[in-house]
Each structure stands twice: as structure tokens, then as C-alpha cells.
Protein chains: 2
Amino acid sequence: MKSSSLVSNNVTIFEVASQAGVSYGTVSRVLNQDQHVKAETRERVMKTIRDLGYVVNRQARSLAGGKTHIIGILVPDLGTGYIGEIIQGINTELQIASYDLMLYTTHRTPVLEADYVASLAQGMVDGLLLVLPRNPEDYIGILNSRHFPFVLIDHQGIGQNCPAVGATNWQGAYNATEYLIQLGHTRIGFITGWMDLGAAVDRLEGYKAALWAHHIPFTEDLVRQSTFHQLDGYNCAMDLLNQPVPPTAIFASNDVMAFGAMDAVREKGQRIPEDISIVGFDDIPQASIIHPALTTVRQPLRNMGNVATQMLLELLKNPDTPTKRIELPTGLVVRDSCQPPRG
Amino acid sequence: MKSSSLVSNNVTIFEVASQAGVSYGTVSRVLNQDQHVKAETRERVMKTIRDLGYVVNRQARSLAGGKTHIIGILVPDLGTGYIGEIIQGINTELQIASYDLMLYTTHRTPVLEADYVASLAQGMVDGLLLVLPRNPEDYIGILNSRHFPFVLIDHQGIGQNCPAVGATNWQGAYNATEYLIQLGHTRIGFITGWMDLGAAVDRLEGYKAALWAHHIPFTEDLVRQSTFHQLDGYNCAMDLLNQPVPPTAIFASNDVMAFGAMDAVREKGQRIPEDISIVGFDDIPQASIIHPALTTVRQPLRNMGNVATQMLLELLKNPDTPTKRIELPTGLVVRDSCQPPRG
DNA sequence: AATATTTTTGTAAACGCTTCCAAATCCGCG
DNA sequence: CGCGGATTTGGAAGCGTTTACAAAAATATT
């Protein structure tokens, strides 16, 4: 009986109804777990459904009911596994709630981003998960005014209070910097992410705060503005290392830039961690497979996906759930890329 | 006018029709580029559509027309960037054809796989892209008998001829093995993937063929059956290295197992490539960032996504396009993980 | 100028479901 | 036994399209 749903094509509630000797309204009620059905009738209908291999037509259901049971997710790309992890988290929750996932990648094109959001919000999906959005200012206002449910992942929101889940970026950067300081480092290079992203700013601030707390003067000479990309990480690290008095440690604002920094260090003929310590941020899967394994600040990516999805589903169920921003804790993962400075 | 579509919520063809002074049928015809509309009328309707910010309701359209303009993609996971690359390729094509993408991850649970396929084929999507399917036998027959359009990516199909795109696995493995042989290696370890996947078998066969062509005796002692996972790659490599006469090179059937092998080599206190050469397969993004950069057989993943999508779209447009299987060429990417054996 | 032909437009009937309202059935109790 | 209220069921209407068919308008033909 299992695969009969694949075999028989177009069973409708009408066929189920006539087979079970009830009206189609009753079948619909059973399908929607309406309480107003006699237990015995429900049983009979469910059996018929199984026998006939009936599967509800989602299009019809959403036309009639106004809900699609699809949620959309907008991501910048799928390159690094960073997004992949988040999606796994989202997926788990969605599966439980039996929602479907519509995936859109923007490749960081703001135009696309706004367009997608426009047409999605038009009824294609019930809610939206926006991962690492680049220019949400363009549309968040509109989504809000239309009361369209959405949750931001890894973005601070934009002044207005929107539902969002992020991580304690500041604290993570603070802890990582402090770890390096406690190892004895005082000249710690820092490579930022896109500074238009709140997370990148927070990480820089955490770094500064840790220096400050340990009475180490902050200097712009040790900071390089970058883009979260590996190659830029490489270039910035190179630049940092070419200074008259180079840093003894480099803290990159994400893991792939840390990988780039590692390349730079090696190209200068120096060793990690003996000559230079490296710290990353994110703890993407590759961080533990690279050699030496990267010490990094772990973001609970999967968990962020879980939580964001739960928030969105809650929002769908109960639209006036108060808006909240959740920050999941980050944690320092100590591996092999750091040690006290030489001498 | 740009964002009016976001502002106004429920414009239907009826409103457009009355605004434009035509019947709703005509609007529908304009929407579907039906030729039977006077040019002037078409213009007027299109203007109204723009003015009102009308957007077609996809649910209604597919209920009536039978097509969803959504294609489904079934992937095992999103962990390694391998799938991510393929998805990028798919996405590009889909964007051009303005189809939407529904993503399902199976985590390699055969049950899920079959269930998904069942309900998807039920009308949720117009076609299916099956990436690296594990047990397609369970449902390919049924899909075929229902004439449901699908394309396999990175799978050999199952005897029957189904549309599929793959890569020249045999040739790639042959070339990589030959490369090692030409460097002077004669004891070349080989770590397989899941042997229930055709691609894995082909790679093993390519390896064997190259040995044979160069009169190097094949021995099971140098082959380990594995699973495409990093940890298993590590274990198999360890096992290989612990033999009385260990290999001087290891060829892993994919990159992440090669990463695992690298870990094993290092743990044995040996260096890459000085003591042991390593070759992978796939050329996922990480292969070039790991240190030493991995010599590997490049699969044109993005391209495979492109081609598969084009095939599927063609199949949708013209259901009796003859079935074909396309094999895209692989190529050896020489980086830093190999050198001639010592001594 | 009248008819035949073609092009364009209007309309009704699906598509498969949800949901509301009214009708039927059931139950307990006087 | 009959009545009121609660529970259960049936059926109509509507969701926003597409599409087949018929009607109307435009054009060509004699």
C-alpha cells in the first residue's frame, strides 16, 4: 500500500468521500483534524485515505485556505558550509512541522534580494527566513507594514525591532581576544568583515573591549577592513605581516579569512602556531579539518537555524507574538592554531 | 511603481480586467503570451498590470493549469560544499527560466527519499532533480511509468535509461592514477566511496585500469572500502599506512576522504607530499584552501547543475525528448600534495 | 453589398480544496 | 415519548487562475 500514492495519480477528496460513504466536507474535516467528527467516521475516512493513497493537493489547499505551508529562505550563497549548517537547522524544524522549503540565493545582489522578497511575500510562501541579508532596509519596512512574518538570521535588524536570531558576537570576539592576551600576545592583528553588517562591527568592538580591559592600547595599524572572503583575508594578513613590527597573532572575523591568513603566514615562510597564532570566527566544518586545526569562536549555526524557524512558525501560528531578538551564545573552541608568542 | 507589488496585496485579474476595460479572459491571455490578442489591447492590459502592481497567484495558476513552475531538488546534505556548488549551477538556470526551487534534504534516509519523491511527484513540483540519490531503484521505475520528468545528477541511473548527468569518473581516476605512476609511485593506496554508487565503482575501475596499463599488479591489500566521509577516510588511510609495506601514495575517492587521509599521515608523523602523496576527487572549494593544497580530480559541479537543469527544462517543454545521459569531462588539478616517492 | 473567413474577445466551467451555514442526528431528561 | 441542546454531517460558495467554446468584430472574397 505504501507506494500506491505514487501510482495512482489524481485521487481527490471526492473519491475518498464516496468510497468512505461520507461527504467531501467530512473528509476535509478529517484532513484538518477538525474535532467535529465522530471517532468512528474519522477512522473509516483515514483508512480510505490510506487505501486510495490519497495525497492532499497543496495548490488547491492554499488557494482555498490562504496558506501555502511553504516557507521561503533567502541566502547569499552556499559556498562555505556556513549557510549549509544553518539550513540543516532550519530543515530539521520544518520537517517536524511538515512545512516545505523554498530556497533562493541572491549572490548578494541587492536588487534580486528586494525582488524576491516582493514576489515571495505576494503569496508564494507563508513566511520568510532571511539569512545574512545585505540590504534589508529596502524591504523590511514594507514586510512589517504588511504584517508579513519573517525572521532575520545573523543580522542585527535595523533599528526597528524585528524578529531576529543572532549570536553573541561581541562576547565571542572579546573572549577570543582575551584568550590570545592570556597566552601573552600584545600585538594582535584584527581583520574585519563587511562593516555594514552589525555582526562585523560587534566583533571589532569585542576585540577592542578586550584590549582595553587588559590595558593594551588599541591601534588602527593592527586592524584591516575586509569582506569575509578568503582572498581578502589573505591580502589583509599579508599586509599586516609586512609591517615593521608585525603582530604575533591574527584574529580574523570569520573562518575563511582565517584560512586566508594561514596561507599568508605560510607564504611568508612562517609557521602556525609557532611564529604566528591564528584565530577565526564561526567554526564552520572546515575549521576542524584544516591543518593545523583552527582555534575559533563557535557560532551555533545549526541551532540558530532551529531557533529562527521555531520563531517563524510561532509567528505564523500567532501573528502578534511579541517581537524578540535572540542571541545564542558563542564559545571559544581551542584547537591547534595558537600558542604563546616566541621569546 | 517598483515596489507597489509589495504594497498592494490582492489584485486579481478581475480588477486588472475592469481597469483595462477588457474581460478577465483577455488578461489571462496577455499573461500567458497568447497570440490571439490585438497588440493595442495587450499594451493597455500590460500597462494596467504594471500600474496596479498585479502579480499572478501561483497557486491558482497551477490549480487551473496543472503546472507549478517549481522544480524540486533532492539532496543528501549540504555539509561539504559539494552539493552547494551543484545547487549554484541549478539555480542559475532556474533563475533564467524563472522557475522556483524547492529544496529537500534527505540526510541519506532512504525512507525519506521515497516519501518525498512520492509527495512531490503528486503535484507539488513540475520536475525533479535528484542529486546523488542513494536508492533510486525504489522510485525511478514509478516516476518513469508516470512520465514524471526528472534528471539524476551524479548517478549512473539503474540499467534502464534515465536522463542523467555525471562526470567521467573512470577517466578521471585513470588519469590521476597514471599521474602518480608517472611520478614514480608503484604502491598506490586506494580508498573507495560507497560501492553501491556507480560513480564509486567507476573510480575504482579507472584506478585498476591505469595500474594494468602500466603493468603494475593490482592487489586488494592496497584498497579499502569506505563511505565518502572524512572520518572513514582517516581510518582507511591509517589502516593502509600501518601495513608492513605501506603505500607511497594514497588516492581517495573524494576530497573529504583525502582530507581524512592527510590527517592520518600527519598523525603518523609523516609529511605530505615528502613522505606520502595524496590525491582526491571532486575539487570542492576546500581542496584549494587546505594545506598543502590538494591535487585532485576536478568534477565540473556547477556545470553539472547547469546541464542537468537544462535537460529537465527541456523535458518539461517537450516530454518526449529522447532520454540521454551526459558525462561531463573531469580534469586533473595538480597542486601541492604529490611528489615522486622518496629514494 | 453580402457572405465567408479569420482574428479577437467574452463567458462558463473546471481545478481541488476550506469554510461557513443549515440540516440531520444524537443524547439526556422531564 | 417528546423536547432542547449539543454533536455531527452535508452541501454551497468561493479562492484566482486557465482553457475550451461561443460570440462578436474585423477583414477578405466574390
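Predicted model only: the values in this text are computed from it and were never measured. All chains are named by letter (A, B, ...) in the order of the sequence lines, taking the proteins before the strands, and each is independently numbered beginning at 1.
Rounded to whole Å, atom C1' of C:dT8 lies 10 Å from atom CG of B:Asp34. Taking atom CE of residue A:Met124 and atom P of nucleotide D:dG16, one finds them 15 Å apart after rounding to whole Å. Taking atom CD of residue A:Gln59 and atom P of nucleotide C:dC15, one finds them 15 Å apart after rounding to whole Å. Atom CG in A:Asn57 sits about 8 Å away from atom C1' in C:dC17, given to the nearest Å. Summarising the geometry, the separation between CG on B:Leu63 and C1' on D:dG14 is reported as 12 Å, rounded to the nearest angstrom. The distance between atom CZ of B:Arg44 and atom P of C:dT9, rounded to the nearest whole Å, is 8 Å.
At D:dT18, one or more side-chain N or O atoms of B:Ser28 fall inside 4.0 Å of OP1 or OP2 (strictly under the cut-off). Phosphate contact (OP1/OP2 of D:dT17, side-chain N/O of B:Tyr54, threshold under 4.0 Å): present. Under 4.0 angstrom from either OP1 or OP2 of D:dG10 there lies at least one side-chain N or O belonging to A:Ser23. Between B:Asn32 and D:dT18, a side-chain N or O to OP1/OP2 separation shorter than 4.0 Å is present. Phosphate contact (OP1/OP2 of C:dG10, side-chain N/O of B:Thr26, threshold under 4.0 Å): present.
Listed nucleotides D:dT18, D:dG11, D:dT9 differ in distance to B:Ala64; the shortest reach to its side chain belongs to D:dT18.
Among the heavy atoms of the strands lying under 4.0 Å from A:Thr41 are primed sugar atoms or P, OP1, OP2 only; no base atom is included.
B:Pro163 and B:Leu315 make their closest contact through CG-CD2, 4.0 Å (heavy atoms, listed as atom of the first residue, atom of the second, distance).
Under the 3.5 Å distance criterion, with hydrogens and angles disregarded, no donor-acceptor pair is assigned to the side chains of B:Thr105 and B:Asp77.
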> Do B:Thr12 and B:Glu15 pass the side-chain hydrogen bond (donor to acceptor under 3.5 Å, both in side chains) test, and can you show the C-alpha distance, the side-chain angles, and the key distance before you say yes or no?
Replying inline: CA-CA 6 Å; B:Thr12 71; B:Glu15 272 131 273; 3.2 Å; yes

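Between the base of C:dG10 and the side chain of B:Arg29 there is a donor-acceptor pair shorter than 3.5 Å.
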